[in-house]
Amino acid sequence: MQELLGRIAKLDPEASLGLRVIACFDELMAGEVNSHALASAAAALAGCPAGFRGGDGSRQLRVDSGGVSIPGDRPAEVAALSLPNDSEVWLEREDVALPNDELILERFGLAIGVRFGLERQQLETPRDVALALDPAATPEDRSAAAVRLGLTPGSGYRVLAAPLFAVFEKRPAGPTDVITSEHGTLQVVIVTDDTEDIAVTPAGLGPSGLIGELPRSLRAAVVALRLSRPPEEGLVRAENFGGLVELLAESSDTTDPDAALIEQIMDSPWAESTVRVLLEAPTIRQAARDLGLHHSTVQSRAEQIERCLGYDPLSGYNRTRLGISVLRWRLRNSRVLELPGPVG
């Protein structure tokens, strides 16, 4: 399914939306996520609350599109799908149903049935992955959750963060869940620090740390994910940026005096590729060779950037200043966590 999705997405992104829904739930089932994660995914994909109820009526869960649990019974009028043993899943859409609602319900119901066997297992399994990654939880609670997940104190782990619609050529082994962030709904996988065979796009991989440092790894992984530019940069490792990831996670655009100027520069069609190579190359002549352009053309572009910024971007700490501003620009303009809009 993932291979088919990748091929069709290149030909027609809109036509691949239904396959993306199928692939998303396939990956969540492969990761053996809990009931809350499945409901969160359904709600995020549909853009409205979603829920399920066990056949005996004692087990019910409702979540909004941000993955937050909703108290109380479901509304009387919902788009519901009946499952064996009088169980059901539903979407609580107030407006007219959208084309993918039926498919989301079908895959949501299938995932609930396959994962939990409905009557055979408890639908409400502990959310230990979310707890182990929660910076607001106590260190004791996070450590206890990590141990329940089978993680070993004293060993190193990383957090892999990906959107719901990420393409997994091969899913890495490790505890998995669906969580929400201020930037969107995420699939997260906790992997050992020596895991090398990771083929996911787009995705961000956090730095290695002990189980108590998992929230820090998650925060860095989300920054790395938002810096990804598939297909050229599908998987971004936070450690490749060193301490800059922490700086980007801590700061905001209000602390960047060059934000508006960078936006102005990046409006030019040549700007992003030229700035990237200027930051990486030791000289303008080398940058010109890397870009396949004449030296005078790249020199002219560098001078245009200097006039706009008011400083020489390739001199001393100014190169770092430009680099940080460009990374912030990439974060502001990241689209990797945006779900495709439903076709009405």
Side-chain angles (χ1 to χ4, degrees), residues 28 31-44 49-51 61-72 122-164 174-193 203-227 238-239 241 243-255 328 331 334 336-337 339:
L28 295 178
E32 298 185 349
V33 301
N34 57 27
S35 57
H36 193 286
L38 294 173
S40 295
L61 176 66
R62 300 170 61 215
V63 299
D64 64 19
S65 57
V68 179
S69 296
I70 305 174
Q122 289 294 318
L123 292 173
E124 291 305 313
T125 55
R127 297 200 68 203
D128 284 333
V129 172
L131 180 57
L133 300 176
D134 186 357
T138 66
E140 294 77 14
D141 286 344
R142 290 201 304 269
S143 295
V147 170
R148 287 194 297 270
L149 291 168
L151 308 186
T152 305
S155 298
Y157 297 92
R158 304 174 187 270
V159 178
L160 178 75
L164 288 177
T176 304
D177 201 352
V178 172
I179 65 172
T180 57
S181 74
E182 61 179 306
H183 305 291
T185 304
L186 301 167
Q187 296 186 64
V188 292
V189 187
I190 301 174
V191 301
T192 58
D193 61 358
L205 186 64
S208 176
L210 302 177
I211 57 177
E213 300 172 297
L214 287 173
R216 173 175 169 268
S217 186
L218 171 62
R219 183 171 67 168
V222 174
V223 173
L225 167 62
R226 294 171 60 214
L227 289 174
E239 60 192 11
F241 293 92
L244 288 178
V245 167
E246 289 290 337
L247 177 65
L248 294 169
E250 293 282 356
S251 62
S252 66
D253 288 342
T254 59
T255 63
R328 284 172 169 159
L331 291 177
S334 176
V336 295
L337 278 164
L339 294 173

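Note that these values count all heavy atoms, side chains included, but never hydrogens, waters or copies made by symmetry. Because the structure is a prediction, the values reported are computed rather than measured.
- Taking all atoms of both residues into account, the shortest heavy-atom contact from Leu248 to Arg328 is CD2-CG, 3.7 Å.
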Please list every donor-acceptor pair under 3.5 Å in which a side-chain atom of residues 218-227 meets a protein atom from a residue at least two apart or in another chain.
from	atom 1	to	atom 2	distance (Å)
Arg219	NH1	Glu250	OE2	3.1
Arg219	NH2	Glu246	OE1	2.7
Arg219	NH2	Glu250	OE2	3.3
Arg226	NH1	His183	NE2	3.3
Arg226	NH2	Leu331	O	3.3

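- Pro207 and Ser217 get closest at one heavy-atom pair: O-OG, 2.9 Å.
- Of all the heavy atoms in Ser69 and Leu61, the pair that sits closest is OG-CD1, 4.0 Å.
- Using a 4.5 Å cut-off on side-chain heavy atoms (C-beta onward), Asn34 and Val129 make no contact.
- Distance check: Thr176 OG1 to Leu28 CG gives 8.5 Å after rounding to the nearest 0.5 Å.
- Leu160 and Ala203 make their closest contact through CD1-CB, 3.9 Å (heavy atoms, listed as atom of the first residue, atom of the second, distance).
- Looking only at side-chain heavy atoms (C-beta outward), Ser143 and Glu140 stay at 4.5 Å or farther from each other.
- Atom CD in Glu213 sits 12.0 Å away from atom CZ in Arg158 (nearest 0.5 Å).
- Between Leu164 and Ala44 the shortest heavy-atom distance is CD1-CB, 3.7 Å.
- Scanning for side chain to side chain donor-acceptor pair (under 3.5 Å) contacts around Ser208 gives Asp193, with sequence neighbours left out.
- In this structure, the side chains of Asp177 and Ser40 stay at 4.5 Å or more apart for every pair of heavy atoms.
- Here the shortest heavy-atom pairing between Ala238 and Val245 reads O-CG2, 3.5 Å.
- No side-chain donor-acceptor contact under 3.5 Å links Arg62 to the backbone of Pro49.
- Taking CG from Asp128 and CG from Asp141, the interatomic distance works out to 10.5 Å, rounded to the nearest 0.5 Å.
- Panel note: side chain Ser181, backbone Ile179; no donor-acceptor pair is recorded below 3.5 Å.
- Although no hydrogens or angles enter the test, the distance criterion places no donor-acceptor pair under 3.5 Å between the side chain of Gln187 and the main chain of Val178.
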